[in-house]
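Take a look at the structure below.
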Amino acid sequence: MPLVNISLLKGKPPTHIRAIADGVHQALVETFNVPADDRFQFIHQHEPDEFIFDSDYLGIHRSPDVVFIHVTAGKWRDTPTKKTFYQRLTQLLVADPGLRPEDVQVTLSPNDRDDWSFGNGLASYVKDADPAGSAALNPISGE
């Protein structure tokens, strides 16, 4: 279950924001093998004085249209998979809503299976999360 936080400047139309959210989810489904119904996203819109970034860090020129995408997801994905995600996500967001590739910034925060609880006070991806051993398992790996 990736948990996605998307941050951008206030003022974009709802269709622009939804295209970003949809593109992030599509890239996760295609490259991280996330189930289509596994969608948890937060959109954060900021005033200009609350949205501070270096417009030329690492020689990449960012515009005020820059979008910061922070994905918390399991650390069982390897580097080639992550690189494929970055590339596919950028392709999708360039196509719709028309972002520049330089304006797509992504951060991944990997974690372990026991770092997720979907409710009921259980570690949802841990096999022995409840006394009966009936915890939810990862739908991808069965673990």
Side-chain angles (χ1 to χ4, degrees), residues 1-130 134-143:
M1 178 204 118
L3 178 62
V4 178
N5 285 277
I6 300 168
S7 297
L8 66 160
L9 281 172
K10 279 186 180 177
K12 298 296 183 190
T15 54
H16 180 92
I17 295 166
R18 186 59 188 232
I20 293 169
D22 289 349
V24 171
H25 187 66
Q26 183 177 342
L28 287 167
V29 168
E30 290 179 14
T31 64
F32 272 27
N33 297 317
V34 170
D37 64 347
D38 186 352
R39 187 170 183 170
F40 298 88
Q41 298 177 320
F42 298 102
I43 310 296
H44 308 277
Q45 298 181 65
H46 302 273
E47 296 293 339
D49 61 342
E50 301 170 340
F51 197 68
I52 301 165
F53 62 93
D54 187 311
S55 61
D56 290 303
Y57 183 68
L58 294 179
I60 300 169
H61 181 71
R62 292 160 198 81
S63 78
D65 290 331
V66 68
V67 176
F68 296 97
I69 300 161
H70 180 201
V71 180
T72 303
K75 68 179 179 182
W76 48 88
R77 293 171 179 96
D78 60 14
T79 299
T81 300
K82 293 173 189 177
K83 290 171 78 172
T84 300
F85 168 67
Y86 302 145
Q87 292 169 353
R88 182 62 179 141
L89 173 60
T90 300
Q91 291 170 348
L92 290 167
L93 297 186
V94 165
D96 188 21
L99 293 178
R100 297 167 55 247
E102 299 88 345
D103 287 331
V104 178
Q105 184 164 325
V106 182
T107 304
L108 296 177
S109 291
N111 58 25
D112 291 311
R113 296 184 193 288
D114 60 354
D115 292 323
W116 296 96
S117 175
F118 292 93
N120 297 324
L122 302 174
S124 301
Y125 287 143
V126 178
K127 289 181 184 180
D128 63 348
D130 70 29
S134 61
L137 299 179
N138 182 320
I140 305 304
S141 68
E143 295 179 4

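Treat the numbers as computed from the prediction; the structure is a model and nothing was measured. Note that the numbering runs from 1 along the sequence shown for the chain.
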Contacts of [X] that satisfy side-chain contact (heavy atoms from CB on, under 4.5 Å) - sequence neighbours left out:
| X | answer |
| --- | --- |
| Pro101 | Thr90, Val94 |
| Lys75 | Pro110, Asp112 |
| Pro13 | Thr15, His16 |

Measure across [X] and [Y] and return the closest heavy-atom pair with its distance rounded to 0.1 Å.
| X | Y | value |
| --- | --- | --- |
| Leu9 | Pro48 | CD2-CA, 3.6 Å |
| Pro2 | Asp38 | CD-OD2, 3.9 Å |
| Ala27 | Leu92 | N-CD1, 3.7 Å |

Any salt bridge (charged side-chain N to carboxylate O under 4.0 Å, His left out) involving [range]? Give me the pairs, sequence neighbours left out, ordered by first then second residue.
| range | value |
| --- | --- |
| residues 95-106 | Arg100-Glu102, Arg100-Asp103 |
| residues 54-65 | Lys12-Asp65 |
| residues 42-52 | Lys10-Glu47 |

Determine whether [X] and [Y] make a side-chain contact, defined as any pair of heavy atoms from C-beta on separated by less than 4.5 Å.
| X | Y | answer |
| --- | --- | --- |
| Phe40 | Val4 | no |
| Leu3 | Trp116 | yes |
| Thr31 | Tyr86 | no |
| Asn5 | Ile69 | no |
| Phe32 | Leu108 | yes |

Checklist entry - Can you name the ring pair (Phe, Tyr, Trp, His ring centres under 6.0 Å) partners of Phe51, sequence neighbours left out? => result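 In terms of ring pair (Phe, Tyr, Trp, His ring centres under 6.0 Å), with neighbours along the sequence ignored, Phe51 is linked to His46, Phe53, Phe68.
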
Item to check | Check: Gln87/Gln91 side-chain N/O donor and acceptor closer than 3.5 Å | outcome: no

Item to check | side chain to side chain contact (heavy atoms under 4.5 Å, CB included) evaluation trace for Val104 with Val67 | outcome: CA-CA 5 Å; Val104 178; Val67 176; 5.9 Å; no

About how many Å separate [atom2] of [Y] and [atom1] of [X], when rounded to the nearest 0.5 Å?
| X | Y | atom1 | atom2 | result |
| --- | --- | --- | --- | --- |
| Arg88 | Leu28 | CZ | CG | 12.0 Å |
| Leu8 | Ile20 | CG | CD1 | 5.5 Å |
| Thr84 | Glu30 | OG1 | CD | 11.0 Å |

Checklist entry - In terms of the angle between their ring planes, are Tyr125 and Trp76 parallel, tilted or perpendicular, with boundaries placed at 30° and 60°? => result perpendicular

Can you name the side chain to side chain donor-acceptor pair (under 3.5 Å) partners of [X], sequence neighbours left out?
| X | result |
| --- | --- |
| Ser109 | His70 |
| Asp114 | none |
| Arg39 | Asp22, Gln41 |
| Thr81 | Asp78 |

Checklist entry - Pairs in or reaching into residues 87-109: which pass ring-ring contact (aromatic ring centres under 6.0 Å, His included), with residues at least two apart or in two chains? => result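 Sorted pair list comes back empty.
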
